[in-house]
Structures are given as C-alpha cells and as structure tokens.
Amino acid sequence: MKKVSPSEFPFVKSKKHIYNKFIDKEISEVDIGWTSLKFELHADLSHNETKVDGVTDFDSKKIKLEMALSDSDARETIIHELYHCMLESVGLDERNFDDSRMFLTNEQLVVSLSRQTMTLNHLNPGLFSLIYNV
C-alpha cells in the first residue's frame, strides 16, 4: 500500500484501523514463500460481477481489499485471503479444486493450515503482529 493520508480514505478515521496500521508500518505485501503478493485497496470491489470484501489474484500477485470495511471486517478479510494463500501453497487452490477429488480429513486440513500459518508468520512477523494486535 502506498503511503497516504487518512483524509484520502475518509471511512478509515481511526488510527487503529488495520489499513492505517499497514500504511504506518509500511506493510504492502505478504511473502508466501514461493512468491509475494501486494495488498491493494479498492472501492466497490467485485469478483465475477459480485461485490466482495477481498479477492486473492495469484496471476497478478495481488490481494485486493475493499476499502469501505470496518476494522474488524478488514482484519477478518485479510485473514480470509491469507487462508486462500495457505491453501494454494498446499495444492488446494481454487482453480484446481474439484470436490470429487478432495479427500482430506479434518486433521489433515488443520495440520496443513497450522503449518502454513507458522510459515507465513515466520516470513511476515510484522504483518501478523498487526493483524492480531487489536
């Protein structure tokens, strides 16, 4: 995210809003191990003609976030998009997902996600400290 003043985002008045914290700490991307994805803020974000709060685009290497979200909704959306990154990293990406081929137990999925959480936290400690430090 580029450095901007809060007046450019009038809905983000609180200095404690995660978007302002990203700007203050100069967090503009997430390292997912095999690539990095840049965070982008968008007004009226949509995907396949449906309004969405976030979308992860691996082709363009961007995580697009709706600007007009409350702090808690923005944090949840960032975490949601990071889980897409984690699932992509263990071969459960949306493009190749076929529910007739997915035979994971709850334990296998939890192990995969917990390991990916640890990996992303290790690669991006500043990002995770901001997300979880409310």
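All values reported here derive from a predicted model rather than from experimental measurement. Below, each value reflects all heavy atoms present in this structure, side chains not excepted, and no hydrogens, waters or symmetry copies. By convention here, the first residue in the shown sequence is residue 1.
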Return all side-chain donor-acceptor pairs below 3.5 angstrom for residues 30-39, not counting sequence neighbours, or 'none' if the list is empty.
residue : atom : partner : partner atom : Å
Asp31   : OD1  : Gly33   : N            : 2.8
Trp34   : NE1  : Ser89   : OG           : 3.0
Lys38   : NZ   : Glu29   : OE1          : 3.1

Checklist entry - Between Gln108 and Val111, does a side chain to side chain contact (heavy atoms under 4.5 Å, CB included) hold up when you go through it step by step? => result CA-CA 5 Å; Gln108 290 169 319; Val111 166; 5.9 Å; no

Next on the checklist: Run Tyr132 and Ile79 through side chain to side chain contact (heavy atoms under 4.5 Å, CB included) and show every step you take.
Outcome noted: CA-CA 10 Å; Tyr132 294 119; Ile79 292 167; 3.9 Å; yes

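Summarising the geometry, atom CZ belonging to Phe58 is positioned 4.0 Å from atom CD belonging to Glu88; distances are rounded to the nearest 0.5 Å. Note: His17 NE2 to Phe22 CZ = 10.5 Å, rounded to the nearest 0.5 Å. How far OG of Ser129 is from CD1 of Ile27: 6.5 Å, rounded to the nearest 0.5 Å. To the nearest 0.5 angstrom, Arg75 atom CZ is 8.0 Å from Ile131 atom CD1. Rounded to the nearest 0.5 angstrom, Asp53 CG and Leu69 CG are separated by 4.5 Å. The CE atom of Met86 lies 11.5 Å from the CG atom of Leu109; values are rounded to the nearest 0.5 Å.
Under the 4.0 Å criterion applied to side-chain N and carboxylate O atoms, Asp57 and Lys61 are not assigned as salt-bridge partners.
Contact annotation: the side chain of Thr117 approaches that of Tyr83 to within less than 4.5 Å [non-hydrogen atoms, C-beta and beyond]. Ile63 places a side-chain heavy atom less than 4.5 Å from the side chain of Cys85. Side-chain contact between Leu87 and Leu113 is present, with heavy atoms from C-beta onward closer than 4.5 Å. Taking the side chain as every heavy atom from C-beta outward, Lys15 and Asp24 approach each other to under 4.5 Å.
Across every non-hydrogen atom of Leu120 and Leu82, the tightest pair is CD1-O, 4.2 Å. The two residues Glu81 and Val55 make their nearest non-hydrogen contact at OE1-C, 3.4 Å. Across all their heavy atoms, Glu66 and Ala43 have their closest contact at OE1-C, 3.8 Å.
Between His80 and His84, the ring planes lie perpendicular to each other; the angle is over 60°, past the 30° to 60° tilted range.
In this structure, Ser70 contributes its side chain and Asp73 its backbone to a donor-acceptor pair below 3.5 Å.
Checked against side chain to side chain contact (heavy atoms under 4.5 Å, CB included), His42 has the following partners two or more places apart in sequence or in another chain: Glu40, Leu45, Lys64.
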